[in-house]
Protein chains: 2
Amino acid sequence: MTTTRPAYVTIADVAQRAGVSQMTVSRVINSSAAVRPEKRARVERAIEELGYVPNRLARGLSARRLGVIAVLVPDLTNPFFTEIVHKIEDVASEQGLTVVLGNSDERPEREADFLRTVAALRVDGAIIGATGDGAVASVRRLQSAGIPVVALDRRVGKLPIDIVLGAAAEPAQLLTQHLIQHGHKRIGMIGGPASASTSRERADGYRQALREAGLEEDPSLYRESRFSRSDGSQIGRELLEHRAPPTALVTANSFLAFGVIDAAESLGLSVPGDLAIASFDDFEIGPRQPILTCADQPAGDIAELAARRLLARLRGDDSVPRTVIVGTDIRIRTSCGCRAAEPSEYVTSTSLDS
Amino acid sequence: MTTTRPAYVTIADVAQRAGVSQMTVSRVINSSAAVRPEKRARVERAIEELGYVPNRLARGLSARRLGVIAVLVPDLTNPFFTEIVHKIEDVASEQGLTVVLGNSDERPEREADFLRTVAALRVDGAIIGATGDGAVASVRRLQSAGIPVVALDRRVGKLPIDIVLGAAAEPAQLLTQHLIQHGHKRIGMIGGPASASTSRERADGYRQALREAGLEEDPSLYRESRFSRSDGSQIGRELLEHRAPPTALVTANSFLAFGVIDAAESLGLSVPGDLAIASFDDFEIGPRQPILTCADQPAGDIAELAARRLLARLRGDDSVPRTVIVGTDIRIRTSCGCRAAEPSEYVTSTSLDS
DNA sequence: CTGAAAGCGCTTACAG
DNA sequence: CTGAAAGCGCTTACAG
């Protein structure tokens with residue numbers, strides 16, 4: 001079809017030019033066995049002269065090891081996941097591994113597509129931030145094909161699997177308690193999609209805090225949403241127009257918080273004056289001091305732990321699946337009603353085996 | 001090494017179970033030729049029952065078409081590139097293509113590594129945001145192997161190659177002119193690394209504006225930098241402590257602008273009162289109205305155009321390499337000294353053949 | 001230390 | 001519409 005034929009140089013060409021067998025060339029390329037120095041030199045020269053680039057597909061096919069790992073995230077637009085991808089890419093490239101990237105956009109079908117692709121590619125392993133429990137079947141297929149999978153940020157059903165995620169219930173509880181300490185009685189929450197374990201756990205933490213404080217739980221004050229600014233804005237508006245609106249809100253994601261603030265402003269209300277806010281995620285990017293009181297999950301650490309876990313599996317570690325829960329910093333700023341930025345930080349760091 | 005053997009089902013297993021030849025199975029999988037309905041049904045059932053997932057490595061090896069494209073960006077931390085990756089991933093997945101992701105971190109060696117990997121993987125094509133002209137050799141190697149490459153955001157030396165980038169000189173000129181209209185006489189610029197064509201062109205636009213306005217060009221007011229907040233902060237501080245400091249600054253990237261504002265604040269100076277700023281990129285993410293007057297390159301459009309160009313090449317388009325320059329919106333906000341947000345937008349949109 | 005043979009799991013021609 | 005043969009470019013045993 002195209003004019004230029006992919007006229008690749010093959011291992012046979014190199015062997016012929018160097019006057020050795022293919023195997024010798026293979027051994028030189030992979031340093032997989034000792035080769036007499038003179039031969040090695042001849043091979044290296046031939047490789048150089050011919051501009052030989054070993055075909056990794058062929059290698060992957062016969063060696064059953066491609067040197068590629070897959071990374072799936074639910075939203076590539078979210079700086080939390082961006083940082084995760086960035087970090088995993090760093091670790092991978094440092095290990096000579098290549099990353100195949102997938103973005104499900106929180107859609108289970110896209111997720112299934114990607115995981116099927118990845119299975120077809122016979123990647124060495126995968127790190128996935130699932131859309132939710134819908135990923136169980138796909139992940140199981142990968143596992144039964146012998147491909148190690150590490151879950152990140154969200155659980156995958158009840159599957160026994162390595163998983164690395166940020167603390168969810170405790171920080172939500174702390175955020176809520178903080179709002180309670182500011183004197184709020186009617187505290188609402190905009191949670192994430194119930195399909196994500198993280199969302200459910202954060203909601204638990206919120207409810208737990210209310211309960212412990214002896215506050216009534218008004219079910220109409222908890223709202224499920226997608227992790228988007230527009231959902232935050234829309235639901236925020238609805239809550240603020242509630243007959244008995246909340247005076248404070250916990251949001252499960254910063255996009256949601258931004259949207260709520262948009263809504264408040266459009267209604268002529270001020271934050272935290274008319275509505276106090278505490279949120280998850282710390283990704284305000286800009287020239288001014290951030291204002292959001294939030295639970296900041298260390299994305300880089302989560303990513304690195306997940307990557308290291310996968311690397312261990314690739315090396316043959318077949319210990320029991322591990323659940324690693326990474327501590328979260330609570331950053332007190334002004335959206336909750338605090339004046340100054342008293343850096344009262346809370347750190348939890350847990351690591352359990354399951 | 002591991003306990004579970006990747007006991008994959010192969011096309012031969014399916015063929016046997018369906019009582020047909022491998023070729024028939026292959027034709028069913030790929031819809032590459034007509035197959036009698038009953039046989040097709042038998043094959044489909046066998047695939048289902050066996051849980052067969054075709055091996056794309058094997059397919060790629062013999063068909064010389066993997067269904068994978070490579071995407072390289074210089075900074076995965078920069079929302080401009082994140083959005084680009086996001087969009088390319090969208091287009092690719094919609095076309096059934098998989099994305100292999102690389103991040104050079106602006107380091108030519110990492111770039112070369114990635115491009116070598118990608119060549120070894122025999123990907124179908126690549127879209128690369130190069131670190132600079134250092135990528136010439138790597139790109140040439142891909143091209144001569146018959147792998148189409150589309151450059152994005154930055155040129156690759158003088159290589160004849162498809163390229164999609166945002167306008168650079170004109171917006172820089174307009175930004176500078178705008179500052180001049182505010183009455184500034186001493187206008188500096190923090191440009192990006194000179195290795196990137198974009199940086200050089202932006203600097204040209206800045207100088208052009210000064211020249212046309214008859215303003216002196218003080219070379220000490222132009223500073224080269226990396227695209228980072230810390231560089232912005234450090235260089236910003238140096239410029240502000242200059243014996244005759246600039247009263248206005250153009251920055252080639254928003255991270256730089258943020259850093260400059262950090263520096264100004266730490267010196268007790270205000271923006272735009274003591275220092276007016278106009279920048280490239282529009283990626284303030286947060287709850288408040290953005291303040292940066294800037295040239296906003298449409299990352300999504302750039303990405304999509306690049307992806308479409310590559311797709312055309314994959315389909316066999318062998319026309320002359322094309323240079324597409326995408327228009328940039330100028331967003332007037334307050335960092336330049338304007339009061340309100342008069343949305344005076346400038347749009348340029350050009351497409352040239354080279 | 002070295003190499004000939006077989007095989008990885010597909011597809012590409014080629015016949016029929 | 002269908003299939004047997006050869007080949008894609010490597011590596012894995014196996015001999016020596």
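Throughout, a chain's letter reflects where its sequence line sits, starting with A, and its residues are numbered from 1.
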- Which nucleotide sits closest to the side chain of B:R36: C:dC8, D:dT2, D:dG9?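 For the B:R36 side chain, the nearest candidate turns out to be D:dT2.
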- Query: To the side chain of B:S21, which of D:dA4, C:dC10, C:dT2 is closest?
  - Reply: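 For the B:S21 side chain, the nearest candidate turns out to be D:dA4.
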- Message: Take N1-N3 plus N6-O4 or O6-N4 for Watson-Crick, N1-O2 plus O6-N3 for G-U, both under 3.5 Å. Which runs of 3 or more such pairs involve DNA chain D?
- Response: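 Detected stem regions: C:1-3 with D:14-16, C:5-12 with D:5-12, C:14-16 with D:1-3.
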- Could you give me the CA-CA distance, side-chain angles and deciding distance for A:R56 and A:T98, then say whether side-chain contact (heavy atoms from CB on, under 4.5 Å) is met? CA-CA 11 Å; A:R56 271 178 64 177; A:T98 307; 3.5 Å; yes
Less than 4.0 angstrom from a charged side-chain N to a carboxylate O is my criterion; do [X] and [Y] meet it?
X      : Y      : value
A:D113 : A:R110 : no
B:R154 : B:E106 : yes
A:D162 : A:R309 : yes
A:E304 : A:R308 : yes

- Using a 4.0 Å cut-off on protein heavy atoms (strictly under), produce a 5'-to-3' string for nucleotides 11-16 of chain D with B for base contact, S for backbone-only sugar-phosphate contact, and - for none. BB----
- To the nearest 0.5 Å, tell me how far A:Q16 CD sits from A:Q22 CD.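 Answer rounded to 0.5 Å: 10.5 Å.
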- Can you list the residues that meet the side chain to side chain donor-acceptor pair (under 3.5 Å) rule with A:R45, with sequence neighbours excluded?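 Scan of A:R45 (side chain to side chain donor-acceptor pair (under 3.5 Å), adjacent residues dropped) gives A:E49.
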- Item | Set of residues satisfying side chain to side chain donor-acceptor pair (under 3.5 Å) with respect to B:R65, sequence neighbours excluded |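 So B:R65 forms no side chain to side chain donor-acceptor pair (under 3.5 Å) with any residue.
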Listing, residues 118-141 of chain B side-chain donor-acceptor contacts under 3.5 Å, not counting sequence neighbours, or none:
{"from": "B:R122", "atom 1": "NH1", "to": "A:V53", "atom 2": "O", "distance (Å)": "3.2"}
{"from": "B:R122", "atom 1": "NH1", "to": "B:A119", "atom 2": "O", "distance (Å)": "2.9"}
{"from": "B:R122", "atom 1": "NH2", "to": "A:V53", "atom 2": "O", "distance (Å)": "2.9"}
{"from": "B:D124", "atom 1": "OD1", "to": "B:L66", "atom 2": "N", "distance (Å)": "3.0"}
{"from": "B:D124", "atom 1": "OD2", "to": "B:G67", "atom 2": "N", "distance (Å)": "2.6"}
{"from": "B:D124", "atom 1": "OD2", "to": "B:V68", "atom 2": "N", "distance (Å)": "3.4"}
{"from": "B:T131", "atom 1": "OG1", "to": "B:E111", "atom 2": "OE1", "distance (Å)": "2.9"}
{"from": "B:D133", "atom 1": "OD1", "to": "B:G157", "atom 2": "N", "distance (Å)": "3.1"}

- Message: Give me the atom names and distance for the closest heavy-atom approach of B:A58 to A:L61.
- Response: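 So the minimum-distance heavy-atom pair works out to CB-CD1, 3.9 Å.
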- Item | Shortest non-hydrogen separation from A:L152 to A:F81 and the atoms involved |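 Closest approach of A:L152 to A:F81: CD2-CE2, 4.4 Å.
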- Query: Listed in order of residue number, which residues of residues 38-51 of chain B have a non-hydrogen atom at under 4.0 Å from DNA chain C?
  - Reply: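 Residues of residues 38-51 of chain B under 4.0 Å from DNA chain C: none.
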Separation of [X] atom [atom1] from [N] atom [atom2], in whole Å?
X     : N      : atom1 : atom2 : answer
B:L61 : C:dG7  : CG    : C1'   : 13 Å
A:Q16 : D:dG9  : CD    : C1'   : 15 Å
A:L66 : D:dC10 : CG    : C1'   : 12 Å
B:R65 : D:dC8  : CZ    : C1'   : 16 Å

- Hey, does the side chain of A:Y52 come within less than 4.0 Å of D:dC10's phosphate (OP1/OP2), counting only N and O?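 Answer is yes, contact under 4.0 Å.
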- Message: Taking 4.0 Å as the cut-off, does a side-chain nitrogen or oxygen of B:R122 come that near to OP1 or OP2 on D:dG9?
- Response: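 Checking D:dG9 against B:R122, no side-chain N or O comes under 4.0 Å of OP1 or OP2.
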